[in-house]
Each structure stands twice: as C-alpha cells, then as structure tokens.
Amino acid sequence: MGGATAPPGTAVGFIGIGSQGAPMAARIGAAGFDLAVWARRDRSYDALGDAPHRRMASAPEVAEGADVVCLCVLADRDVDEIGDQVLPAMRPGSALLVHSTVRPSTVVRLAERAGAVDILDAPVSGGTHAAAAGTLVTMVGGDPEVLERVRPVLACHSDRILRVGDLGSGLMAKAINNGLFTAQLGLAASALAAGRHLGLDPDRLAEVLSGSSSRSMALEMIARLPDQTTLPGQVIDLLTKDVDILDSLGGDDEDVASVVRVARRFVEPG
C-alpha cells in the first residue's frame with residue numbers, strides 16, 4: 001500500500017485536482033508535505049477534504065518555492081499551457097512530474113523548454129479508488145536519479161513506481177495499457193452478448209466468467225453496467241483519446257494496429 005513521510009520542509013505543488021488528481025494530492029498533503037494547489041474551478045478544492053493544503057491564486061504561484069510540481073490535467077494543450085506558466089516560476093533543480101495521459105512528444109517538447117528544471121512523465125493507473133487507497137501504479141519515463149529524488153512524493157499514492165525508460169516511455173506504456181484495457185472492454189461486451197444470443201442468463205454468465213480463467217477488470221466493469229454494453233459518454237471520450245494516442249505511436253506496426261482495431265470497435269461502434 002502506498003505511503004510516505006515527507007522529508008522536513010519539502011514543498012510540493014499540485015495542479016489538476018479532478019477525480020484522479022484530488023485523491024493523489026490529498027494523500028501528499030496528509031503525508032506531511034507542504035502542499036500548494038491550484039484549480040480552475042473553486043468547487044474542485046472540496047475534494048481535498050481535510051488534507052492539509054494551501055490554495056494559491058494561480059498556477060505560477062503553486063510553482064514558486066516548490067521542490068516538486070505535479071501536473072494532472074486532461075489534454076496535451078493543457079500540459080503545454082500550464083507547463084509554460086509554471087516552468088519560469090520553478091527553481092533550478094526542482095522537478096515537474098506530468099501525470100496526465102498525453103502524447104509522449106508533448107512531454108519531450110516541454111523538457112526542451114524546461115531549462116534547469118527536471119521533467120519526468122509519470123502517468124498513473126488504477127483509478128480514483130486506488131488513488132485514495134495509495135495503490136496506484138506509476139509508470140515513469142526519465143532520469144533515474146530524478147526519480148529517486150521524487151520517489152517519496154510518488155509513494156504517497158502509488159505502491160508500484162516503475163521506471164520504464166527514457167523521457168516519454170512512461171506515456172508509451174500508459175498508451176499500451178489503456179489501449180489494451182479498451183480492447184478488453186470490447187471483448188468482454190461481445191462475450192456477454194454472445195451468451196445472450198445463446199440463451200444464457202447474462203448475470204449468471206458474468207458471475208461464471210468473473211470467477212474463471214477469463215476474469216479481468218474490464219469484464220467486471222462491463223458486467224456491472226445495466227445493459228452490459230455501453231459506458232457513459234464521458235468515459236468513452238477519454239478512452240477514445242487514449243486509443244488515438246496509441247494509434248499515433250504505432251506507425252505501420254501490425255501489433256499496435258491489432259490492439260487499436262479491437263479497441264475502436266468498442267469506442268466507435270458501427
């Protein structure tokens with residue numbers, strides 16, 4: 001289970017306290033780090049609960065004096081925009097961790113503008129519940145010495161912190177993970193539909209499959225849906241973005257293309 005105690009005086013900035021970022025930030029504050037946060041919407045702060053934190057008036061104010069700044073925003077354009085705001089305010093030798101699921105090239109370009117600030121891509125997997133429990137997986141790309149320096153921050157919310165390779169490789173791993181998960185969602189939905197076609201009770205079939213060799217997180221998610229076929233539109237939009245990222249990385253590789261094809265059948269039916 002993830003957990004950490006803050007080294008004395010370590011300051012952390014966190015930008016992007018949505019459904020994923022809020023429990024991550026809350027655990028960082030609860031661990032004793034001097035946590036400064038900023039969000040575009042005032043209601044976002046409510047998700048931090050009683051976790052100690054300081055609300056700042058802007059993204060650059062979050063970065064001033066921070067040893068580590070965590071960026072957990074939605075899209076490539078957000079990483080570009082907020083990154084350009086915070087980098088001039090960060091001290092030389094401080095570190096910017098990009099938790100967002102974006103294209104690897106976005107983080108590489110950000111590093112080219114970073115000067116003496118260290119950049120790591122550090123996307124996470126596991127969802128909101130895992131973030132709150134401290135059991136996320138963090139996939140890291142970048143300098144291993146920088147990773148060791150920021151590991152106590154990541155250990156607040158992640159019990160597996162895995163360096164995949166150079167800058168951008170964590171995001172490559174995240175793209176593969178999310179593409180595979182989306183493909184598994186599609187296959188699970190098709191399997192349950194096949195059972196209905198053959199006259200099987202869908203709930204009983206889901207129970208059988210969930211306890212057998214075909215069990216998976218994707219199957220369990222699909223089985224909980226009222227119609228066992230369709231996720232909410234907002235989730236589909238995020239999955240589509242992730243599949244697009246994987247598709248952009250694959251080029252002519254048939255293995256990437258095969259994952260993308262199955263995943264697109266789920267997010268783009270018909």
Side-chain angles (χ1 to χ4, degrees), residues 14-24 39-41 44 47 59 70-84 96-111 119-131 136-141 157-158 164 167-189 216-218 221-222 225 229-253 255-270:
F14 206 104
I15 298 170
I17 47 176
S19 60
Q20 182 71 71
M24 294 167 63
R40 290 187 171 115
R41 293 173 291 275
S44 298
C70 304
L71 196 55
C72 194
V73 293
L74 183 60
D76 294 80
R77 63 180 179 275
D78 300 312
V79 172
D80 278 326
E81 177 186 341
I82 302 298
D84 284 342
L96 178 61
L97 311 183
V98 179
H99 296 305
S100 307
T101 302
V102 295
R103 286 171 169 76
S105 58
T106 297
V107 177
V108 172
R109 289 196 310 269
L110 190 65
I119 307 286
L120 296 178
D121 56 304
V124 299
S125 183
T128 302
H129 294 298
L136 288 171
V137 177
T138 298
M139 299 155 256
V140 180
H157 50 68
S158 298
V164 185
L167 189 68
S169 60
L171 286 165
M172 293 179 190
K174 180 66 184 291
I176 293 171
N177 176 81
N178 287 15
L180 176 58
F181 178 63
T182 306
Q184 290 172 337
L185 288 169
L187 289 172
S216 69
M217 182 182 296
M221 181 178 289
I222 290 293
L225 297 173
T229 58
T230 307
L231 286 165
Q234 183 180 17
V235 177
I236 292 294
D237 289 344
L238 291 173
L239 292 174
T240 300
K241 182 197 79 167
D242 297 341
V243 174
D244 287 343
I245 291 173
L246 179 59
D247 196 7
S248 72
L249 297 175
D252 296 328
D253 184 76
D255 291 317
V256 173
S258 65
V259 175
V260 169
R261 277 196 299 271
V262 178
R264 287 207 188 280
R265 284 170 52 194
F266 179 69
V267 296
E268 301 171 3

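In this text, all values refer to a predicted model and were calculated from it rather than measured experimentally.
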task: Answer yes or no: is there a side-chain heavy-atom contact under 4.5 Å between L96 and L110?
output: yes
field: Any V137 side-chain heavy atom under 4.5 Å of N177 side chain
entry: no
field: For P23, all residues meeting side chain to side chain contact (heavy atoms under 4.5 Å, CB included), sequence neighbours excluded
entry: T128, A131, A132
- request: Please lay out, stage by stage, how L136 and Q20 fare under the test side chain to side chain contact (heavy atoms under 4.5 Å, CB included).
  value: CA-CA 10 Å; L136 288 171; Q20 182 71 71; 3.8 Å; yes
message: Between N178 and L239, is the side chain to side chain contact (heavy atoms under 4.5 Å, CB included) condition met? List the steps.
response: CA-CA 7 Å; N178 287 15; L239 292 174; 5.6 Å; no
- request: Work out which heavy atom in V102 is nearest to a heavy atom in A75; give both atom names and the distance.
  value: CG1-C, 3.6 Å
- prompt: At their closest point, which heavy atom of T229 faces which heavy atom of F266, and how far apart are they?
  reply: O-CE1, 3.6 Å
- request: Rounded to the nearest 0.5 Å, what's the gap from CD1 on I17 to SG on C72? Could you check?
  value: 10.5 Å
- request: Look up atom CG in L120 and atom CG in L71, then write down how far apart they are to the nearest 0.5 Å.
  value: 12.5 Å
- prompt: So which heavy atom on A263 is nearest to which on V243, and how close?
  reply: CB-CG2, 3.8 Å
- prompt: Are the side chains of C70 and M24 in touch, meaning some heavy atoms are under 4.5 Å apart?
  reply: no
Minimal non-hydrogen separation, A59 against I82, with atom names: CB-CG2, 4.3 Å
message: Contact between D80 and R109 at the side-chain level, heavy atoms closer than 4.5 Å - yes or no?
response: yes
- request: State the CG-CZ distance between L249 and R103, to the nearest 0.5 angstrom.
  value: 8.0 Å
task: Would you indicate whether the side-chain heavy atoms of L185 and F181 approach each other to under 4.5 Å?
output: yes
task: Of all the heavy-atom pairs spanning S44 and A39, show the shortest one and how long it is.
output: CB-CB, 3.7 Å
NE2-CD1 distance between H99 and I15, expressed to the nearest 0.5 angstrom: 11.0 Å
task: May I ask you to decide whether R264 forms a salt bridge with D244, counting only side-chain N to carboxylate O separations under 4.0 Å?
output: yes
- prompt: Minimum heavy-atom separation for A175 to I245, with atom names?
  reply: CB-CG2, 4.0 Å
field: Atom pair CG (L74) and CG (L238), whose distance is rounded to the nearest 0.5 Å
entry: 6.0 Å
- prompt: Going by heavy atoms in the side chains, are D78 and R40 under 4.5 Å from each other?
  reply: yes
message: Between D247 and V256, is there a side-chain heavy-atom distance shorter than 4.5 Å?
response: no
- request: Working to the nearest 0.5 Å, report the span between OG1 of T182 and CG of L187.
  value: 11.0 Å
- prompt: So, do T106 and L171 sit near enough that their side-chain heavy atoms are less than 4.5 Å apart?
  reply: no
